[in-house]
Protein chains: 2
Amino acid sequence: MPRPTLASLASELAVSRQTISNVLNAPHKVKPATRERVLAAIAAADYRPSAAARQLRTQRSMNFGIRLYPATDGINGAVLDRFLHALTEAAQSAGYRLTLFCADSDEDEVRQYEQLLDVAGLDGFILTSSTPDDARSRWLQERGTPFAVFGRPWDADGHSAAAEHAWVDVDGAAGTEAAVNMLLAQGHARIGFLGWHTGNPVGADRRQGWERAMTAAGYGRDVPVLGAETEDTVAGGATGAALLASRGATAVVCSSDSLALGAMEKLREARPGAFRPGQPAGPGGRAAIVGFDDTPVAAALGLSSVAQPVEEAARHIIRVLTHELAATPAAAIVPPARQLLLAPRVVERIPLPLAAPGSD
Amino acid sequence: MPRPTLASLASELAVSRQTISNVLNAPHKVKPATRERVLAAIAAADYRPSAAARQLRTQRSMNFGIRLYPATDGINGAVLDRFLHALTEAAQSAGYRLTLFCADSDEDEVRQYEQLLDVAGLDGFILTSSTPDDARSRWLQERGTPFAVFGRPWDADGHSAAAEHAWVDVDGAAGTEAAVNMLLAQGHARIGFLGWHTGNPVGADRRQGWERAMTAAGYGRDVPVLGAETEDTVAGGATGAALLASRGATAVVCSSDSLALGAMEKLREARPGAFRPGQPAGPGGRAAIVGFDDTPVAAALGLSSVAQPVEEAARHIIRVLTHELAATPAAAIVPPARQLLLAPRVVERIPLPLAAPGSD
DNA sequence: CCCCCAAATTTGATCGATCAAATTTTGTGC
DNA sequence: GCACAAAATTTGATCGATCAAATTTGGGGG
């Protein structure tokens, strides 16, 4: 038995195609009695309208596109993983689907947009990283294609910029600030920061939170001494942490879990005492390290880390996009914020006592 | 200016719709001269056929579906990440797109199949894990929907089973076997195995490779002593490794990088000497640990690991699916293997000397 | 009981492609 | 030059939905 269509259902029910269509798309236009009858038949026949036919007529594919980046560093990639899952879930429950694509570069990405818009008729895109003076955003904006970015817009100098388009981001500075405050509460004073040596504005933002918190606590003069930058690797974290330790840091806030992992490994066996703050930071009085992104590695090793509310970010992005695409007379409902900065939260953990001195 | 359509292009060129359609879908039916002329016009107008219209007529969406699992353990999740990327890339260059979806359970997954087939007209599915006596495979098989599985079929008892459907898998046993052989070559003899305590057939397979290699090397009598099973966490790895060490193991092959990470952490500071094989395994003569999946964490920490050729697996899956969906008269070309077991390879690494004794 | 207006329902056209069949063009042999 | 098949091209119908306009139904007032 072939799949039911509007026409087949209509003749069975002795009503017209349009009535059934109205039951689904404009129920108020149908008399309650018929509506019930039609709904029952729809359920009985397991009828589901064809997306292709609908798209052909309405020019809506109910599909968003998202670029998949090559898995560079799976440690941090885990964040995007969670984001993608949450996005899919949110899209699905809003009646949208997600289409994946790959691109070699940002220019290629724009080429893919063009293709996907023409061919698949995608209704919008989700960008998962914003670059300074982002050409992709500009292209989409000019073309009038709905899109939302996970990441704030940055101007060419790496400063937070104003933009028309929708975005959601996590307030990195607030995250490092909270991390510093947690460490201060634990009795630390000489709190270092280990960041990236790239000009990445995201990194600069995270560093700023540390500076702000340190200054507010009256340790502003330590800022020039206790900040270090390196490449975003475990080895870089180890080297950087050693440097900060030699400068007297008893705790380190890092820009990533990779760095934090390196720092943790390095400091695990460092001279006892050197990292002992007023109050012990954890078993064995080891240095306190805080990472960023709260990746599974951090969870596995008992590393404190700043957690981004990516699920919430994803849900909001879908909310904004679907609102934008909704039928116009939505004046009644409150539109979601087109620009939203979410606060992260620090996950405090006690390091796994795996290799604690004296254990076997 | 609106997007060009077959009709608009046709009237411009003073040929019929069908001729242009033929140029794209059956070039041999068109006289070379007209073909050139049409192709030039297509390129000039940047014409791209609408997937929705095409799908409506041909009942082909050029779209595969794949379920996204919640990111449970990002350490191992990184493998699926790479797989997904490779899949997207391969699909894209074959002219297909990938649609994501979420499901709460395997039953819900089948419900989603039904929906996606009816509504979006997906052409096939890719399953990324096979369970013993898999109900999803059975459903797809019965319905005649094209699909391919990343993972071998297992019968209800957890043994490798025969199946009609297409699948690709990585030979886990061959991987652990190779790992053991590598360790043997390094001079180790008492090589332990640390696996999962779940009845998971994938884990059983990996354990078997170890047993096989140990037996072949004449250490068969050690097998009952040097094998241990625990939960798949870093903590489990630490505990398990300690146990195996106490039984005299000088090296451990693990079922996952999580376990290996725990083992490595634990043994990093273990009694010197206890883990020193005939030939030093690495700096400081520490125990040799081999993980599984070659996740970024392993790379970051210098942990040896068994690497799965997921990219190749992904490409093959797309090859099989596209072949299945290709126009029937493909008798001329060699069909790709519908069932394929790929060999993994051991990535040998020297542990990062982060916390080597005597470093600062 | 009829007229009128609003509510409910139906009809015909359309989105943009492909399929199947009809038509025109081309080429060959005599 | 002509008949005739093969090659090339065109025409009309169709996939399954929605839009816009036309038609039918129903209820209230005079």
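Basis for what follows: all heavy atoms, side chains included, without hydrogens, waters or symmetry-related copies.
In terms of heavy-atom proximity, Leu9(B) sits nearest to Ala45(B) at CD2-CB, 4.2 Å.
For Arg60(A) and dC15(C), the CZ to C1' distance is 15 Å, given to the nearest whole Å. The distance from atom CG of Leu24(A) to atom P of dG16(D) is 16 Å, rounded to the nearest whole Å. At whole-Å resolution of the value, CE in Met62(B) and P in dG16(C) are 20 Å apart. If you measure from atom CD1 of Ile20(A) to atom P of dA17(D), you get 9 Å, rounded to the nearest angstrom. Note: CG (Asn25(A)) to C1' (dA20(D)) measures 15 Å, nearest angstrom. The separation between Arg54(A) atom CZ and dG16(C) atom C1' is 18 Å, rounded to whole Å. Distance, Arg48(B) CZ to dG16(C) C1': 16 Å, rounded to whole Å. Taking atom CD on Gln55(A) and atom C1' on dA17(D), their separation rounds to 12 Å, with Å as the unit.
Listed for the Arg138(A) side chain is a donor-acceptor partner under 3.5 Å among the backbone atoms of Asp133(A).
Remark: Glu324(B) engages Arg338(B) in a salt bridge, criterion side-chain N to carboxylate O under 4.0 Å. Between Arg67(A) and Asp106(A), at least one side-chain N (NZ, or NE/NH1/NH2) sits under 4.0 Å from a carboxylate O, which counts as a salt bridge.
OP1 or OP2 of dG16(C) sits under 4.0 Å from a side-chain N or O of Gln59(A). Remark: Arg57(A) is not in phosphate contact with dC19(D), judged by side-chain N or O atoms under 4.0 Å from OP1 or OP2.
For the atom pair Leu98(B) CG and Cys102(A) SG, the distance stands at 9.0 Å (nearest 0.5 Å).
In summary, the side chains of Arg82(B) and His85(B) do not present any donor paired with an acceptor at a separation below 3.5 Å, with no hydrogens or angles considered. Inspection of the Thr131(A) and Asp134(A) side chains reveals an N or O donor paired with an N or O acceptor under 3.5 Å.
Listed nucleotides dG16(D), dT18(D), dT18(C) differ in distance to Thr58(A); the shortest reach to its side chain belongs to dT18(D).
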Taking only N/O atoms, report every protein-nucleotides 7-11 of chain C pair under 3.5 Å with atom names and distance.
unit_1, atom_1, unit_2, atom_2, d
dT9(C), OP1, Thr34(A), OG1, 2.8
dT9(C), OP2, Lys31(A), N, 3.0
dT9(C), OP2, Thr34(A), OG1, 3.3
dT10(C), OP2, Ser16(A), N, 2.8
dT10(C), OP2, Ser16(A), OG, 3.0
dT10(C), OP2, Thr19(A), OG1, 2.8

